[in-house]
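Okay, structure first, notes after.
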Amino acid sequence: MEDTKPEETNVEEQKEEENKICLEKLEEAKLKDKYPHLGNKPGGSDLLRKRLQKGPKYFDSGDYNMAKAKTKNKQLPVAQMEKVEITGDHITGDHIPTPQDLPQRKPSLVASKLAG
Amino acid sequence: MAGAGGGGNDVQWCFSQVKGAIDDDVAEADIISTVEFNHSGELLATGDKGGRVVIFQQETENKSQPQCRSEYNVYSTFQSHEPEFDYLKSLEIEEKINKIRWLPQKNAAQFLLSTNDKTIKLWKISERDKRPEGYNLKEEDGRYRDAATITALRVPVFRPMDLMVEASPRRVFANAHTYHINSISVNSDNETYLSADDLRINLWHLEITDRSFNIVDIKPANMEELTEVITAAEFHPHQCNTFVYSSSKGTIRLCDMRASALCDKHSKLFEEPEDPSNRSFFSEIISSISDVKFSHNGRYMMTRDYLSVKIWDLNMESRPVETYQVHEYLRSKLCSLYENDCIFDKFECCWNGNDSVVMTGSYNNFFRMLDRSQRRDVTLEASRESCKPRQVLKPRRVCAGGKRKKDEISVDSLDFNKKILHTAWHPQENIIAVATTNNLYIFQEKVN
């Protein structure tokens with residue numbers, strides 16, 4: 001681990017900085033290789049917006065019924081694609097929580113183990 | 001021997017206690033989400049993901065046995081917040097306790113503020129060690145006596161009983177935050193406090209729950225223009241008109257409430273200059289400040305970003321006066337840390353009582369002590385393997401690359417699921433509380 005040395009020369013500091021930037025850019029290149037479309041989306045920071053939302057759980061009865069109908073009728077009319085919305089990471093119509101999927105939200109009746 | 005001495009390399013830290021279950025299978029509710037000493041250090045509160053608060057109390061030292069250091073034992077535990085569902089927005093409201101802040105003690109009872117994403121609650125913790133006995137109209141078990149049978153009067157008296165600690169919610173401050181609350185901070189005026197979410201900061205009076213003043217609002221008119229969010233906020237320890245808030249872009253704004261009702265215009269902007277040509281995809285993410293804390297003396301503030309801790313002099317906005325690397329070896333791992341979301345982990349930091357040493361957590365259950373006065377640092381580990389009473393903690397070393405020396409651990413062997421996000425330092429003594437995922441470790445200074 002580095003100790004903070006106030007007597008470090010400017011040259012050494014500069015080299016360290018350059019090293020740091022090199023490392024970061026190497027890591028960035030690795031990421032871009034894996035995910036070429038990262039950072040190209042328009043409309044403000046995706047990261048920030050994702051952070052603000054923290055995963056809303058939408059239930060749309062229309063989508064729910066459409067999905068039920070989907071399983072009966074495999075062919076999707078083209079018009080339905082226009083109705084697809086992008087909310088957070090999920091496209092409604094695709095990830096629909098069914099009553100069975102929703103976890104039970106009950107308060108903890110058990111005491112904390114820290115108090116045990 | 002006890003005192004707010006340096007905590008760096010002079011001090012040897014020893015294991016004192018560990019709280020929580022040993023098993024590796026951690027229930028989500030048991031994940032510790034906040035740790036805070038009260039102003040005297042006598043009480044230590046923890047909050048968890050299950051919405052529960054556990055308060056420990058320091059036992060009064062046994063003067064005849066100085067070797068036997070005071071221990072923290074359970075004082076009170078209660079369910080602070082419960083899971084809720086916002087039907088209008090289809091949003092789950094987690095019961096996880098994001099922050100606990102103690103109020104300075106005014107009378108026999110203790111008060112603390114605890115908050116989840118949306119609601120802040122003021123809890124009163126009081127002791128009952130006496131109960132009235134000898135009522136005229138009631139039996140001891142509470143049943144009413146038949147008035148016709150009463151022939152004499154007596155004076156009820158208080159008799160001692162086993163200590164009972166009761167926690168009751170005294171105020172509920174709700175419906176003031178559209179976004180998720182990340183900070184609460186009690187003002188030095190002991191009447192008001194602030195609560196901050198991603199985009200707004202509100203000022204409350206401790207007695208009034210049906211309204212609060214909005215003092216900072218950084219929400220853009222068009223959400224597409226959103227470039228930064230508020231990550232933490234704190235009141236100045238002595239100046240009741242001053243507070244700071246940090247952002248996801250690595251800046252800190254100091255605001256003066258005397259200047260205007262809405263403090264959108266900062267009085268000071270603390271930002272370290274950066275060469276734009278040096279920016280990488282990760283630059284902004286790792287510069288996001290996860291915690292900001294004023295020093296006890298009110299002259300400095302400390303910020304924690306992903307890889308470093310910075311100390312700022314309130315009189316100098318252009319750059320920090322000190323920068324400490326927490327785990328620089330992670331810079332060559334940013335790609336994988338982004339993929340596993342660890343790059344978004346929010347580490348907290350804290351000062352010791354006399355502002356000479358700062359502490360922050362890292363991965364692999366490591367935590368770092370950074371001695372400002374001695375300009376030295378040490379890495380320690382909170383582990384079940386160093387749990388013998390008064391066992392001295394051995395410094396840990398991470399090998400960044402190349403040949404690994406004996407006793408060193410290589411970066412690739414670090415366990416990124418073992419994060420120490422929350423730590424707290426006793427306000428006067430060298431006693432620290434370190435939270436791993438589901439355990440609370442208490443370490444103390446070695447007494448010779």
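The shown structure was predicted, so the numbers you read here are calculated from the model rather than taken from an experiment. Reminder, nothing fancy here: chain letters follow the sequence lines and each chain counts from 1. Any value given below was found using the heavy atoms of this structure, including those in side chains, with hydrogens, waters and symmetry copies removed.
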Which bit of [X] comes within less than 4.5 Å of chain A, counting heavy atoms only: side chain, backbone, both or neither?
| X | result |
| --- | --- |
| B/Phe344 | side chain |
| B/Asn438 | backbone |
| B/Tyr75 | neither |
| B/Ser248 | side chain |
| B/Ile55 | neither |
| B/Ser76 | neither |
| B/Ile285 | side chain |

With sequence neighbours excluded, what pairs up with B/Asp198 under the salt bridge (Lys or Arg N to Asp or Glu O under 4.0 Å) test?
A/Arg51

Gap between atom [atom2] of [Y] and atom [atom1] of [X] - 0.5 Å precision:
| X | Y | atom1 | atom2 | result |
| --- | --- | --- | --- | --- |
| A/Glu24 | B/Leu307 | CD | CG | 7.5 Å |
| A/Leu114 | B/Asp48 | CG | CG | 7.0 Å |
| B/Ser336 | A/Lys34 | OG | NZ | 7.0 Å |
| A/Lys32 | B/Phe281 | NZ | CZ | 7.0 Å |
| B/Leu334 | A/Leu26 | CG | CG | 10.5 Å |
| A/Lys30 | B/Lys333 | NZ | NZ | 6.0 Å |

Minimum-distance pair of heavy atoms, taken over all atoms of B/Arg279 and A/Lys25
O-CE, 3.1 Å

I'd like to verify something: which residue of B/Asn278, B/Thr77, B/Val74, B/Val54 has the highest number of heavy-atom pairs under 4.5 Å with chain A?
B/Asn278

With a 4.5 angstrom heavy-atom cut-off, which part of A/Leu31 approaches chain B: side chain, backbone, both or neither?
both

Other residues, nucleotides, ligands: >12 heavy atoms within 6.0 Å of B/Glu339 CD:
yes

